[in-house]
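Down below is the structure, laid out as structure tokens.
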Amino acid sequence: MAPLTPYTFIQCPCSDPSTLASSRPADASSPTSISGQERDDDDGRTFDPRAPRSNYSLYPLEYLLYCEDCHQIRCPRCVSEEIVTYYCPNCLFEVPSSNLKSEGNRCTRSCFQCPICIGPLGVTSLEKPADANLLAAPDNAASPPSGPYILICSYCNWSSTEIGIQFDKPNSIHAQLAKMRNGGVTRLTAKERKEKRREAAAQSGTGVPPTAAPTTTGGDGQDLDVEAQFANLKHFYQGQLADANAAGASSLSSLGDLGFASPNSLSRIMSIYTGGSLHDKKAKTRVGTMREALDSDEGFKLADLDESGAIEKLHEEGYDGTVSSEQLSNQPPNVGEVQLHGRSRFASELRPIPYLLRTKRSKRCPICRHIISKPEAKVQTTRFRIRLVAGSYIPSIAIRPLPGGGPPPDTLQPLRPAQFLLTFKNPIFETVKVTLASPATTPGRFASKVTVLCPQFEIDANTDVWDEALNKDGDKERRRRKGEDSGSGPAGGGQAEAGKIWERGRNWVSIVVEVVPASLRPPTISFGKKEDTGPLREDEDVLEIPMFVRVEWEVDAGGDEVGSVPSKDKDKEAKEKRELAYWCVLGLGRVSQG
Amino acid sequence: MSATPVSTPLPHRALANLRSPGGGSGGGQAGGGSGPSTPLRPINASTFASPSTLRAEEDLVIIEFGTRKLLVGFAGDPVPRGCIWLEPEQQRRVGDFRAWQTGFHDDWRRRASGKRWGRDHELWQYDVRGVDLGLVGDKLERALREAFTKYLLIDTRPRKMVCVLPSGLPSPLLSATLDTLFSKFQAPTISLLSSPATLTVAAGVRSALIVDLGWTETVVTSIYEYREVYCSRTVRGGRLLAEQTHKSLAKRLAQLRGESYDEGPDSDFKGEVLSFEECEDIASRMVWCKPCRDSITAQHAEGLPTVQEHDDEPESHVPSSDPRPSMVTVPLKSSRPPTSLELPQDALTEPCENAFFETHYSYTSFDDHELPVHLLVYRSLLQLPMDVRAICMSRIIFTGGCANVLGLRQRIFDEVSSLVRQRGWDPVQGRCVAELRANTKLKKRATRQAGSAPTGVASHPEEGEEQDGVWHDAANSAPEVDPVEEQLKKGADKRPRVQGEMRAIESLGGWSGASILTQLKVGTIATVDRELWLQQGAAGASKASEVDSKTLQRQSLGAGGLIRGAAAGSNQWTLGVWGAT
């Protein structure tokens, strides 16, 4: 069992309040449903970190941002984003957003990932065709002597010869790859096909009916790859819709049609002058609706059900010739191939993965629209112009086991009290007042007892580091004046006392939490109700305590900026009270399963 | 984008010429000879839309929902840009990187037991009694956020969305989906399309029989003229396949170790030996399907169901009957201890056999919810009216994740063909019927009756009379010209439609169909407006039949129309097939 380092997660207040209490009686899927019901009467709003929904609202402090104007935590779910730049993570080349529409979401230069291990692929020259038996394509044999090029993975040694692909040029691999199927067979790209069609249309315009050269559904149709089929289908439907429009829509719906520029209204006007004869003729031909596609030119394709060849191949190649589902899910959609169905499982059908592009995003508060995070536009820099991280506004919580005996550090013994030190550190330049609350027993199947020894305390402001060093005496004096610090502290005997702070420093305070972990045996006897007697589930042995944190502080009414004025000594005029409250989850450690 | 005004005249012209030889005179072609007419833009129902609107609404997001994955992309693309699988990994907390710690996988994720065997790989369960809709919404939100950030590279600006949904989606789940899309992604409108219909569109046909071999269930839907006419389902799907894979592997593993494996009651997973992920992986990599036993000969012949051909049998033998015992080694990582299992190839057909066919049981022993797939296809064809059946049976589309099992499509097809060959299209089966048919006496009498009646009437030689030197009788009189028929024929396509034979066709997939439909601006019946949804919720939807799609179209015709429409009950909206509450 891997040792567990203590952790803290914070629930963003934006999340739905219904997450808090698992009050749904019908929710049998939640492991905590029963205890949820029991708790309903005394405290319905206790946050349950074990509820399946809470995984979606908990964040480490580092992931949270803070809006200075709304004085609220902002999590990745409750910010609105704007894209600053698009770039390829491999070549760090910035991609204009117009390219994105036409060329898709992947890098169109020569950046590829290995389909086996997702490592980056490099282009190398295959100078001497030593393994000529691998050259499946005949046209490669006739390639210039400068040597065909291949993509090769330096990590796992996968190379594109394994799928029978070689390149003539070392650059613009993406474009070359788009023209090639696995095995080196060339194919028409979308653009070429479009041009071909245009030629055909021009030909047919001169009187040769295109039906004179029909492609049978059997022959050419089997070669119809996904992209071509889609293009043909779209073309077909466009034609059909245009026909249906011309025939039907013009006669009837033209009554409400007022746009003079549109061809419909033009014909309507004409029909007024010609006395309606035209109109009638059109009304009669209206019945011709869309027909169905009939051949491969129209995107129709018979299914090739005979997969005995693929089965044969499966038997020959065995388990190693197939790819895992993870590798398969990393594959880009292969539009240059016929629908593969089961055949996509073979390693020989893999394609090099062009890198997915990434974005840099600036983030705004959804309510006041202020920018709360804005990266530098340049791809190469990782700096941010604006970044209001929550860590500099709300106290951080660090957890460690109480030194001085007790449990071994990695596991907690069931039913034996253990003490933990929570250290709250105040990042702002005001003194904050912290109030903690946690349920007496943790929610979940295994209810551990939790006691926060000092649920209410103040943390001093985050003043200059030198202040502490210089006024050490004054500082101590101040503490004594407050009368909190007399007996406790590590120097005071190492005994945690209720209501007392364990230790405090310049801008931090440590308190003690005592837990009695529950025994991890699933209840064997059910008392009346349907008790969940299933075996231990994932992470159920981790002791997590939900804790409600309320932070209060005062700022000068005038200064909108938090922490702009370090005004601890000036006790004057109107102060504005601020508060922030949120749930957090403290993961203390694993309970041993003994 | 090919639909710019530059390129569109060409397709139109090409098509006009294409049809003119069949249609006879050019007068029928509206664009051709009759009156001045600029070439039409190929966009339906938007005569006022300028070409620039195409560009403005280019980034219309289409989402296809499956039980285990989401397909996302922009309208107009041939394939979705991204596919998001819902996995337990996806459900961890943000910032929880323990999955990358060494040994973590061995601790929990790879452990066989203690997990809900595949349930956490699903977005939702159709049995909504125990479903936490909030959780469904959360899963969906996170998956879509990932999809939008990783694959679509779009920001959080509101966008119109199109959802492709299975037509049998329970309305609570639909409601949760729409809630999430409207509240978390601020979509102004969401159009709903049913996946069988878009699959039909993506195959280029108007009618089809969709066999969706999905994860939770196999759904057979008959589409006639883009309308769903009949839909039936069975629990035999990918989930069962994974379970059966587990079962057969576990059995082999127990044999290997010399233990006895007690199967226990079916589909009750108490003693998991292997993890779900591993079984699923093996199911998708190695499991294949034997060809149909009694159509081994017929499959190489034309595949016509009514013709039985017995030609050159030795040639058409299929590798499965090969005597050589081909073995395959499957590594198992999640068993304790990890091992590798050597299996004969045929053992890997067992899961498929048990999950989809179970031919060793009598057809009468199945419950309605667990019919074998081939029987389900046959029955749903049988339920259709004859003309619909004739059209649908020659347009069978196999789709869904389990269509990837090698040989399964062929097998189902052959099984159905052989069922048709055995039984014909007679819904009545059983011993008595067989006896009745075998009874030659009854049969003879019936044929005599049937045969005698028409012959008795038809022979009257003196019926015709001579006028103008020509015999006018029924036989050689020219049929009367029916103007209505003539008009109907003029528009219709002359080419014969394939019908009455079993035939499987290829579809690009539901997502691509939606992409075509959306790009061509074919209006959907069910379009939900954000404001109305947030005000009224699912309860505000009226029935699909009550909402007149014509009025919806008319609203968009002009400025005046829009205002009128807004004033007079534009609040009528519908959830289409899903809103049947």
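These numbers were taken from a predicted model, which means no experiment stands behind them. Here is how names work: the chains are called A, B, and so on, in the same order as the sequence lines, proteins then strands, and each is numbered from 1.
Using a 4.5 Å cut-off between heavy atoms, B/R503 touches chain A through its side chain atoms alone. Heavy atoms closer than 4.5 Å to chain A are found in the side chain of B/Y226, but not in its backbone. Interface remark: B/V201 contributes backbone and side-chain atoms alike to the contact with chain A (heavy atom separation under 4.5 Å). For a residue to count as touching a neighbouring chain, one of its non-hydrogen atoms must lie under 4.5 Å from one of that chain's; by this rule B/Q91 touches chain A with backbone and side chain alike. Within the 4.5 angstrom heavy-atom criterion, atoms from both the backbone and the side chain of B/R81 approach chain A. Contacts between B/A203 and chain A at a heavy-atom distance below 4.5 Å involve the backbone alone (N, CA, C, O). In this structure, chain A has a heavy atom under 4.5 Å from the backbone of B/T329, while its side chain stays farther away. Residue B/K150 touches chain A through both its backbone and its side chain, counting heavy-atom pairs closer than 4.5 Å. Within the 4.5 angstrom heavy-atom criterion, only side-chain atoms of B/E141, from C-beta onward, approach chain A. The parts of B/R409 that come within reach of chain A are both its backbone and its side chain, each placing non-hydrogen atoms under 4.5 angstrom from that chain. For B/V328, the part lying under 4.5 angstrom from a heavy atom of chain A is the side chain only. At a 4.5 Å heavy-atom cutoff, the contact between B/R395 and chain A is made by side-chain atoms alone.
Of the listed residues (B/Q345, B/Q186, B/R157), the one with the most heavy-atom contacts under 4.5 Å to chain A is B/Q345. Ranked by heavy-atom pairs under 4.5 Å with chain A, the first of B/V498, B/I505, B/L406 is B/L406. Counting heavy-atom pairs closer than 4.5 Å to chain A, the top-ranked of the candidates B/G407, B/G73, B/C289 is B/G407. Taking chain A as the reference chain and counting heavy-atom pairs below 4.5 Å, the highest number among B/G137, B/P331, B/C83, B/A403 is found for B/P331. Interface remark: of the candidates B/L408, B/I282, B/I154, B/I397, B/I154 forms the most heavy-atom pairs closer than 4.5 Å to chain A. Interface check for chain A: of the options B/T156, B/V79, B/T149, B/I396, the most heavy-atom pairs under 4.5 Å are formed by B/T156.
Cation-pi contact between B/R285 and A/Y319: present, with separation from the ring centre below 6.0 Å and deviation from the ring axis of at most 45°.
Checking side-chain atoms of A/Q229 against main-chain N and O of A/G299 turns up a donor-acceptor pair under 3.5 Å.
B/D155 and A/R364 are not joined by a salt bridge, as no carboxylate oxygen comes within less than 4.0 angstrom of a charged side-chain nitrogen.
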